[in-house]
A.B. asks: 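Sharing a structure, written as structure tokens. Questions coming.
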There are 2 protein chains.
Amino acid sequence: MRIDKVEGANGDKDAVKPARGHVHEHVLSYMRRGLMVGAFLPGQVMSLRKLAAGFGTSPMPVREVLSRLVAANALEETKGGSVRVPRLGPEKLSDLFAVREMLEGMATELAAKKVTPALISQLTSLNKQLLVAIEKRDILNCLSYNQKFHFTVYEAADSEVLMPLIESLWLQFGPTMYMSLLIPSMPWNASDHEDILAALKDGNATAAKKGIVHDIRTTCKALLSVAGSQGIELPFAQGPELQFDY
Amino acid sequence: MRIDKVEGANGDKDAVKPARGHVHEHVLSYMRRGLMVGAFLPGQVMSLRKLAAGFGTSPMPVREVLSRLVAANALEETKGGSVRVPRLGPEKLSDLFAVREMLEGMATELAAKKVTPALISQLTSLNKQLLVAIEKRDILNCLSYNQKFHFTVYEAADSEVLMPLIESLWLQFGPTMYMSLLIPSMPWNASDHEDILAALKDGNATAAKKGIVHDIRTTCKALLSVAGSQGIELPFAQGPELQFDY
DNA sequence: AAGATCATTTATTGATCACAATATGAGATC
DNA sequence: GATCTCATATTGTGATCAATAAATGATCTT
């Protein structure tokens, strides 16, 4: 039935089905998560062919993914047409977090009105894992569980409009977030999460929103305090070589 | 040095330079504007090849553009991989406009603090042209000048974060907006714009924000009131055949 | 005559190709 | 020894191709 085109003895090629039709989806989710969790650094240029080689595909799906990430303001294109992770200045960083306060505060308010026991238990579990990651100073999982905690709350708001916007923001500050956690003086804590959890448990929308806003504001201040030390340029895994709980 | 691969006598091929390197930019801006101004209807499927033929290019640049518009939630993809203009239900419409109030209210507040005489005169001019379009019941230019008025305000806020988010929202409700204006009972007015202009002239950020929010809320209510009559299915220019002040 | 099945057509998707522009590096010159 | 220049290599862009899957229409059956 299925006849391989003659290409000599292609024995050593991948005999597995290339999982057609959904390659770009895989690449996209991987890159999205990677951006939020610090797999790519601000200023890093994304080479189409290198990434494609890393993913083991043709440049085509990667092109589509980078295209979409540029549209989401997660990446920016250089004059030469290449794309790179944007380097955020202090003013853009505060802009970003001011909008975060509005959007994520609104999402939290909505979520508080739709709390379920399942949501509470899930958030409690995620927060516990986050605390473990903090204890171990595991940056990747720290960011990962923090992101999952926040997004679980926002997901509960059940707004098809808010979520994509919030995601776009997280994709933008993700790389900078990672950088900041590299600084030894950077405080790591999830104390606000306890307040948020308590407020959600009570269905207190105002308090929950307040907790989120405080969490965001604290993070912003910490980020800005280390924004001066932008000079951090450490060697880094160029390709998609992440090892977080994926 | 440069050797053309042998392909017979390709004399009758296009001798003109195909304007290489930035085709997708043109396509993108055209489609963006077209979505905001009603060139495409909710539910309309965007055929890659048809659009490409309309633009006189290969499907390639169009693919990239559609990709980006999907990433911006301006278009959605069907199960078959095609993309189409989303059909907004009442609940999503109110979500959309609730977020609009926050984001555009914030942008207006920021803009009010950076008002310049040039901005005022530009807004005054745009509003005049909008009134003319309303007078002539010219839907395309009506939407176009309304959009330009709002975006000129937001642009003055000078926020690289807010603008893309606001644009994403406008791309989403643009097609529905056009539909609603087709309904004879739909009220057309720009009375709020006068208030906004006055508030901006005074540098009164609170009043300006209030004006924008009122404008948005009014529009939302009008849209929702005609949301029941979703059945409007009129024959329409399929390709990129717009004739607004481009 | 209406509905279901099957073949045809058309759609996107991933891969490959060709070209142009940019970035990179070596070499020569001052 | 530093700098400018030019050749090389790499990159993105647009076009084309092969293959899969969905949508469409016609034919057959009930």
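Chain identifiers are assigned alphabetically (A, B, ...) following the order of the sequence lines, protein sequences preceding nucleic acid strands; residue numbering begins at 1 within each chain. Just so it is clear, the structure is predicted and the values come from calculations on it, not from any experiment.
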A.B. asks: Let me spell it out: for each of A:R49 and B:S82, pick the nucleotide of DNA chain C with the closest heavy atom. Which residue's pick is nearer the 5' end?
C.D. replies: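 The residue mapped nearer the 5' terminus is B:S82.
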A.B. asks: What is the distance, rounded to the nearest whole Å, between atom CE of B:M60 and atom P of C:dA15?
C.D. replies: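 Value for this atom pair: 12 Å.
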A.B. asks: In whole Å, what is the span from the CZ atom of A:F55 to the P atom of C:dA15?
C.D. replies: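 Roughly 13 Å, once rounded to whole Å.
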A.B. asks: Start at the 5' end of DNA chain C and walk down; is the nucleotide closest to B:L48 or to A:P59 reached first?
C.D. replies: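 Upstream on the strand: B:L48.
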A.B. asks: May I ask you to evaluate whether A:H24 reaches the phosphate of C:dT13, defined as a side-chain N or O under 4.0 Å from OP1 or OP2?
C.D. replies: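 No, because none of the side-chain N or O atoms of A:H24 sits under 4.0 Å from OP1 or OP2 of C:dT13.
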A.B. asks: Atom CG of A:L51 and atom P of D:dG12: how far apart are they, to the nearest Å?
C.D. replies: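 Atom CG in A:L51 sits about 9 Å away from atom P in D:dG12.
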A.B. asks: State which of D:dG12, D:dA23, D:dA15 makes the closest approach to the side chain of A:S47.
C.D. replies: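 Output: D:dG12.
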A.B. asks: Nearest 0.5 Å, please: how far is OH in A:Y154 from OG1 in A:T108?
C.D. replies: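 The distance works out to 5.0 Å.
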A.B. asks: Round to the nearest Å and state the distance from A:R63 atom CZ to D:dT13 atom P.
C.D. replies: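 One finds 7 Å between P of D:dT13 and CZ of A:R63, rounded.
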A.B. asks: Take atom CE of A:M46 and atom P of D:dG12, then tell me their distance rounded to the nearest Å.
C.D. replies: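 Distance check: A:M46 CE to D:dG12 P gives 11 Å.
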A.B. asks: Has the side chain of A:E104 got a donor or acceptor atom that lies under 3.5 Å from a matching backbone atom of A:E101?
C.D. replies: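 No: the side chain of A:E104 does not pair with the backbone of A:E101.
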A.B. asks: May I have the distance from B:K50 (atom NZ) to C:dT9 (atom P), rounded to whole angstrom?
C.D. replies: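 Rounded to whole Å, this separation is 16 Å.
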A.B. asks: Between C:dT13 atom P and A:H26 atom NE2, what is the distance in whole Å?
C.D. replies: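 Going from A:H26 (NE2) to C:dT13 (P), I get 18 Å.
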A.B. asks: Could you tell me whether a side-chain N or O of A:T176 sits under 3.5 Å from a main-chain N or O of A:L88, the two making a donor and an acceptor?
C.D. replies: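 No, A:T176 side chain to A:L88 backbone: no donor-acceptor pair under 3.5 Å.
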A.B. asks: Between C:dA11 atom P and B:E77 atom CD, what is the distance in whole Å?
C.D. replies: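 Result: 18 Å.
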A.B. asks: Between B:R100 and B:E167, does any side-chain N to carboxylate O distance fall below 4.0 Å?
C.D. replies: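 No, B:R100 and B:E167 are not salt-bridged.
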